[in-house]
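Start at 1 and go down the list; that is how both ligands and their atoms are numbered.
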Amino acid sequence: MSYVLPPPPQASVAVFGSKDRFPVRRIFCVGRNYAAHAREMGKDPDREPPFFFMKPADAVVDSGSTLPYPPQTKELHYEMEMVVALAKGGRNIARDRALDLVFGYACGLDLTRRDLQQQAKDMGRPWDFGKGFDRSAPCAPIHRSAEVGHPQKGRIWLSVNGTVKQDGDLSELIWPIPDIISILSQSMRLEPGDLIFSGTPAGVGAVKPGDKLDGGVVGLTDITITIGHPER
Ligand code: MN
C-alpha cells in the first residue's frame, strides 16, 4: 500500500534533555480552569463543569519561534498554560490512576483570535477558527514526569516585553490535572501523543507585531515567542 499524496510530517514537540521529540496526536484544551480568568471572561467559575475544545496537532510550534501575526483578527490574545503530554491512553480512567498516563509537562501558549472567538460565542457557532488556527499552540520542551514529578502548585506567569501580565499558581486550577484526564477519558478514548492545555490564569490580553512573550511554570523550561508581521 502507498498513499496518493506524501503523508503529512508528524507534528512534534521537543523533549527536555533529549534529541528525540514527542509526537503529537491531538491537542485538547480546557476552557476557564482558573476562577479569576473565568470571572474576567464574564463567567461564574463555581457553576460550570469543565469543557473542552481542540486544536489541530500541527498547530504546535517550538519555543523560540517568531510567529507571523495571524490573519482575520485584530485581537490576538496570549493564554499562558501548563501542557500535559500523555504517554499512555485509555477510556474511563479513574482519577487516582490518571497520572499514570502522563509522559511529562511543558509550558505552552493557547493563542486565541479573541474577536473571532467572541463572534462565535455571540452567534452560537463553534470556536474552532478563534482557537485552532495555524501555529496557535506554541509549546516549550516537555519535561518528563520522571524528572519533574507532577506539578500541582507553583507560579505560572507570562510577561509581554518584560512586563508581567499573568501571574497565577497551579494550585488555583479549578479542575486539577487528574480530574481533567479522568473527565476527558469519559468522553474520548485518550491516546499516547495527546497534549492537554490545562487552562490559563487571569490577565489575558492582546499582542501586536514586535511583541515578545515570555512565560513560565516553576520547574519547567520557559516559553519564548515573538510576534511577527502578518504573512503576505
Ligand atoms: Mn486556554
The Mn ion (ligand 1) is nearest to which N, O or S atom of [X]?
X      : value
Glu79  : OE1
Glu81  : OE2
Asp110 : OD2

Rounded to the nearest 0.5 Å, what separation is found between the [atom1] atom of [X] and the [atom2] atom of [Y]?
X      : Y      : atom1 : atom2 : answer
Leu111 : Phe197 : CG    : CZ    : 8.5 Å
Trp127 : Lys55  : CH2   : NZ    : 11.0 Å
Asp62  : Cys139 : CG    : SG    : 8.5 Å

Will you find, in the side chains of Asp122 and Gln118, an N or O donor that is under 3.5 Å from an N or O acceptor?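 Yes.
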